[in-house]
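Inspection log for the structure reproduced underneath, given as structure tokens.
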Amino acid sequence: MRRALTLAALGLAALVVAAPVAGAAGPRSFSPTLSLNAMRWSVAGIPDLDQLRPEVNLLARPGLPNGGRMYCGPTASADLLAYLSAMGFRTGVDGAVDYAAPGTGYLASLPAIRQLGEEIGTSPTAGSYVRPLQTTLERRLGTSGILRTVHVNSVTFFHGDLTDVPTPEEYASVGASGSLMLGMFGWYRSVGSGSSAYLIRTGGHFVALSGITTIAPYTAGTLAYRNPWSDGVLDAEQSVYTDDTRAVAMQPTRLNRVSTSTVETWDMLAMTDRANGFVEGYIALSPERYWTTFGSTITRLTPRPFHPEDPTVLTIPLGGRARDIALWPRTGQPLVLLGNGAVRLIGAGPGGKAGRAPDRTLATIRGAQAIAASPGGDLFAATLGTLVRVSRGQRATAKLPQPVQDLVVAPNGEVVALGADGRSVLRFNQDLRLLGSRTLKDRATALDVDADGAVVGTTGALRDDHGGLVALEDGVLRVTRKGKAETPLKGRVAGRLALVDRGVSIFNPKDFPGPIDTAVDEPLPEPTPPPPPPVAPQG
């Protein structure tokens, strides 16, 4: 898991930052640009609400508990939910209100932030736990057609065998694919000196990401975001909407791992313009998506994209017939197994004039019949008689008791295989050790995971995050939820349904250390208190 990366030079084109906008969030637009050696995306029109709100008088001038110092999570979430609401999704936050309007805008946004804070369980003095924040977003958006939530945690306090801190390439890939991202920053301080010095985490911050620019080899870039801390002033006025930016780069960093009280070296995404500041992870909100295969192409179906610039139907040529298709959990990109055994990661992006990032061959496994991927980035493949794991370029193999026709990685981390007979289900751990087997009542042609995380057999219909059955019937996409069928995408689609995007949480529960799990806001500077009210003249 540990790697030695050198600090890449920041030879980057400057990210175009929107000029400060007083008033509404402005026109909404999505601008991805991807080429052979560069990746960039930006989203305009995301609000930039302030979290610092003094609670002077609940009636005359209401605010947030403790002045909102720990309300970055609810505030950054409200920014993204307001943007989605303006695009027609049901989020519980009004997207038509001008939250920056003098006087009325400041008060209009307060109930939404307060309500989100209550649902998340935000502490006025300790901040927001990451997992309840993710759960709140899932609950809010579960009926809005937003079904895939990716969660990547800090490698410092949540890391284990399942996580590496995201690179600039990952942020670029997720955003360029049409997702919205809540970024997680971490603040640290140095302990010790010289070669024995290391960092310990002192707090963190949530922001609404609005763009990134990065060039190959994608280890450095410029990150843009809507910062709830704004100008750090405790007042009763909404500050000017603007993007903040940070220069970031991967660098090896000595960190204290709280759960084991050990000091380890990890590659972290460091803020090069702020000492001991790091970009630790993100929560991505993504529209529901379905993938079909037809000959030597795959097609991405997005019935309700977040951005008008994102196509509802995107067909991608493969240069060979697809034998199997799986989802790369970290970014939502598809993995395609071709007939020659090549496993190709499909490049992110909407295509057209905006382009797509280049496809990348992760491995070639001769004779592979099926593939699956774990949240930590391990690739699994089944040949006629062998189960293969590819992890950071290293391969491991184990004999299969029988040929396999499908593979999935279950939420509990087990690798589950469907035998060629369509009835036998074999369970393996990540080290390819056989854990057990069972027999399906009905013959299946593939495996899927239901809403409760159980692996089930299927003969055509796949499941979404909420237990809905998704099928491609006579070229028409149909989704059945709670007995009611709907057609989310108008028109016919050629091929067969191969994949439904699913949510994934990437963390090791054993590494959750307790209160340090909270994300607390900018430690410095302390917000400026509001000026005292004018004294009425006497006499």
Enumerate the residue pairs fulfilling salt bridge (charged side-chain N to carboxylate O under 4.0 Å, His left out) with a member in residues 404-428, sequence neighbours excluded, ordered by first and then second residue.
Glu414-Arg427
Which heavy atom in Cys72 sits nearest to a heavy atom in Pro228, and how many Å separate them?
O-CG, 4.0 Å
CZ (Arg139) with more than 12 external heavy atoms under 6.0 Å:
yes
Would you say the side chains of Gln402 and Ser424 form a donor-acceptor pair under 3.5 Å?
yes
As a test of understanding, state which of Ile365, Ile371, Val409 forms a side chain to side chain contact (heavy atoms under 4.5 Å, CB included) with Phe380.
Val409
Determine whether Arg321 and Leu338 make a side-chain contact, defined as any pair of heavy atoms from C-beta on separated by less than 4.5 Å.
no
Going through the checks in order, is the side chain to side chain contact (heavy atoms under 4.5 Å, CB included) test met by Thr302 and Arg300?
CA-CA 6 Å; Thr302 311; Arg300 187 192 74 180; 3.4 Å; yes
Does the side chain of Ile325 reach to within under 4.5 Å of the side chain of Leu337, using non-hydrogen atoms?
no
At their closest point, which heavy atom of Ile120 faces which heavy atom of Gly73, and how far apart are they?
CD1-C, 4.5 Å
Please answer whether the main-chain N or O of Val207 pairs with a side-chain N or O of Arg226 as donor and acceptor at a distance below 3.5 Å.
no
Within the distance-only criterion (no hydrogens, no angle test), does the side chain of Asn429 pair as donor or acceptor with the backbone N or O of Leu434 below 3.5 angstrom?
no
Less than 4.5 Å apart, side chain to side chain, heavy atoms only: is that true for Leu137 and Ser77?
yes
Evaluate side chain to side chain contact (heavy atoms under 4.5 Å, CB included) for Leu116 paired with Thr136, printing each intermediate quantity in order.
CA-CA 8 Å; Leu116 280 166; Thr136 297; 4.2 Å; yes
Would you confirm whether Ser391, through its side chain, and Gln394, through its main-chain N or O, come within 3.5 Å as a donor-acceptor pair?
no
Check step by step if side chain to side chain donor-acceptor pair (under 3.5 Å) holds for Glu170 and Tyr282.
CA-CA 10 Å; Glu170 185 165 328; Tyr282 62 86; 2.7 Å; yes
Side-chain heavy-atom pair Leu345, Asp359 within 4.5 angstrom cut-off
no
Charged N-O contact under 4.0 Å between Arg481 and Glu288:
yes
Would you say the side chains of Ser128 and Thr122 form a donor-acceptor pair under 3.5 Å?
yes
Test item: Trp41 side-chain N/O and Tyr171 main-chain N/O as donor-acceptor pair under 3.5 Å
yes
If I compare all heavy atoms of Leu447 with all of Gly457, which pair ends up nearest, and what's the gap?
CD2-CA, 4.2 Å
Lys/Arg-Asp/Glu bridge criterion (N-O < 4.0 Å) met for Arg389, Asp431
yes
Any ion pair linking Asp310 and Arg289 (charged N to carboxylate O, less than 4.0 Å)?
yes
For residues Thr487 and Val476, determine if any side-chain heavy atom of one lies less than 4.5 Å from a side-chain heavy atom of the other.
yes
Would you call Thr361 and Val343 a side-chain contact if the rule is heavy atoms closer than 4.5 Å?
no
Salt-bridge test for Glu169 and Arg330: reply yes if a basic N is under 4.0 Å from a carboxylate O, no otherwise.
no
Checking side chain to side chain donor-acceptor pair (under 3.5 Å) for the pair Thr315/Thr299: CA distance, chi angles, key distance, verdict?
CA-CA 4 Å; Thr315 298; Thr299 300; 3.2 Å; yes
In short, Pro350 meets Ala176 closest at the heavy-atom pair CD-O, 3.7 Å
More than 12 heavy atoms of other residues, nucleotides or ligands under 6.0 Å from CZ of Arg395: is that the case?
yes
Show your reasoning for whether ring pair (Phe, Tyr, Trp, His ring centres under 6.0 Å) applies to Phe185 and Phe278.
CA-CA 6 Å; Phe185 292 171; Phe278 295 88; over 10 Å; no
Taking side-chain hydrogen bond (donor to acceptor under 3.5 Å, both in side chains) as the definition, give me every residue that meets it alongside Ser437, ordered by chain and number, with sequence neighbours left out.
none
Any donor and acceptor pair, going by atom type alone, linking the side chain of Asp448 with main-chain N or O of Val456 inside 3.5 Å?
no
Taking the side chain from Thr297 and the backbone from Phe294, do they hold a donor-acceptor pair closer than 3.5 Å?
yes
Run the side chain to side chain contact (heavy atoms under 4.5 Å, CB included) test on Ile298 and Leu318 for me, step by step, so that the C-alpha distance in whole Å, both residues' side-chain angles and the decisive distance to 0.1 Å come before the verdict.
CA-CA 7 Å; Ile298 61 171; Leu318 298 174; 3.7 Å; yes
List the steps and the verdict of side chain to side chain contact (heavy atoms under 4.5 Å, CB included) for Gln369 and Asp324.
CA-CA 7 Å; Gln369 306 295 311; Asp324 194 19; over 6 Å; no
Is there a donor-acceptor pair closer than 3.5 Å between any side-chain N or O of Ser210 and the backbone N or O of Tyr225?
yes
Cut-off 3.5 Å, no hydrogens considered: what does the side-chain donor-acceptor table look like for residues 80-91, sequence neighbours left out?
from  : atom 1 : to     : atom 2 : distance (Å)
Tyr83 : OH     : His307 : ND1    : 3.0
Ser85 : OG     : Val93  : O      : 2.9
Ser85 : OG     : Gly95  : N      : 3.0
Arg90 : NH2    : Thr143 : O      : 2.3
Thr91 : OG1    : Leu81  : O      : 3.0
Thr91 : OG1    : Val93  : N      : 3.2
Thr91 : OG1    : Val93  : O      : 3.3

With heavy-atom distances below 4.5 Å as the criterion, would you say the side chains of Ile113 and Tyr71 are in contact?
yes
Is Arg140 close to Glu119 at the side-chain level, that is, under 4.5 Å between some pair of heavy atoms?
yes
